[in-house]
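Below is one structure, written out as structure tokens; comments come after it.
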Amino acid sequence: MTPAELLAAAREIQERPAAGTTGLWPRAAALLARQALESAIRSIWEADATTAPVAGCSGRSQLACLPAYLDESTARQIAYVWAALSRACHCHSYELAPTAAELTGWFQAIDRILDRISSQPESA
């Protein structure tokens with residue numbers, strides 16, 4: 001699935017949660033949104049043969065490399081949204097699931113990130 005398709009699936013879960021997903025859909029939507037973001041990051045590395053091996057590195061390593069390939073503002077926004085979604089994906093008995101408003105904000109941030117990534121020149 002493309003990043004846009006993953007994000008659309010996350011929105012679908014948020015907007016129309018199934019009856020059997022009560023209490024689960026917020027984290028499921030966050031997970032799909034994080035996968036959309038990770039897929040977009042992977043596409044940055046795979047777009048150039050010299051950076052393709054970075055796609056096999058850990059997520060944190062990829063985030064650390066982003067400022068060398070994207071403008072600093074976009075790289076920082078990606079790191080922030082990824083961290084927020086990662087935190088939201090983990091279920092702890094003492095933490096609440098993300099709210100619909102939080103999810104909407106993260107989805108909108110990913111939309112902006114996808115737009116910025118698609119408008120980046122091929123070699124930064």
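Everything numeric here is computed off the predicted structure, so don't read it as measured data.
- Taking CG of Leu103 as the reference point, atom CG of Leu85 lies at 8.0 Å (rounded to 0.5 Å).
- Side chain of Gln77 to main chain of Ala109: no donor-acceptor pair is present (N/O by atom type, distance under 3.5 Å, no hydrogens or angles).
- A distance of 4.5 Å separates CD of Glu72 from CZ of Arg76, quoted to the nearest 0.5 Å.
- For the pair Arg27 and Cys89, the tightest heavy-atom approach, listed with the atom from each and the gap, is CD-O, 3.8 Å.
- A pairwise comparison of heavy atoms in Pro26 and Pro98 identifies CB-O, 3.4 Å as the closest pair.
- Between the Glu102 side chain and the Thr99 main chain, a donor and an acceptor come within less than 3.5 Å of each other.
- The hydrophobic clustering, which links ILVMFWY residues whose side-chain heavy atoms are closer than 4.5 Å, places Leu32 and Leu24 apart.
- Side-chain contact of Trp82 with Glu38: a donor-acceptor pair under 3.5 Å is present, judged by distance alone.
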Should Leu114 and Ile110 be marked as a side-chain contact (heavy atoms from CB on, under 4.5 Å) after you check the CA-CA gap, both sets of side-chain angles, and the distance that decides it? CA-CA 6 Å; Leu114 293 177; Ile110 294 172; 4.1 Å; yes

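- Judged by distance alone, the side chain of Ser39 and the main-chain N or O of Ala36 form no donor-acceptor pair under 3.5 Å.
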Should Asp111 and Arg11 be marked as a side-chain contact (heavy atoms from CB on, under 4.5 Å) after you check the CA-CA gap, both sets of side-chain angles, and the distance that decides it? CA-CA 12 Å; Asp111 280 331; Arg11 280 193 168 103; 2.4 Å; yes

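- For the atom pair Gln62 CD and Arg42 CZ, the distance stands at 7.5 Å (nearest 0.5 Å).
- The shortest non-hydrogen separation linking Ser61 to Ser58 is OG-OG, 2.9 Å.
- Linking Ile, Leu, Val, Met, Phe, Trp and Tyr whenever their side-chain heavy atoms come within less than 4.5 Å puts Val54 and Leu66 in one cluster.
- Using modelled atom types and a 3.5 Å distance limit, the side chains of Thr51 and Asp48 yield no donor-acceptor pair.
- Interatomic distance, Leu37 CG to Leu63 CG, rounded to the nearest 0.5 Å: 7.5 Å.
- Rounding to the nearest 0.5 angstrom, the gap separating the CG atom in Leu7 from the CZ atom in Arg34 is 14.5 Å.
- At distances below 3.5 Å, at least one donor-acceptor pair connects side-chain atoms of Glu5 with backbone N or O atoms of Thr2.
- Expressed to the nearest 0.5 Å, how far CG of Leu70 lies from SG of Cys65 amounts to 11.0 Å.
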Yes or no on side-chain contact (heavy atoms from CB on, under 4.5 Å) for Ile117 and Ile113, after CA distance, side-chain angles and deciding distance? CA-CA 6 Å; Ile117 290 172; Ile113 290 166; 3.6 Å; yes

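- Tyr80 and Leu31 fall into different hydrophobic clusters, where Ile, Leu, Val, Met, Phe, Trp and Tyr side chains are chained together by heavy-atom contacts under 4.5 Å.
- Shown here for Ala30 and Ala88, the closest heavy-atom pair between the two residues is CB-CB, 4.0 Å.
- In this structure a side-chain-to-backbone donor-acceptor pair under 3.5 Å is present from Gln14 to Ala100.
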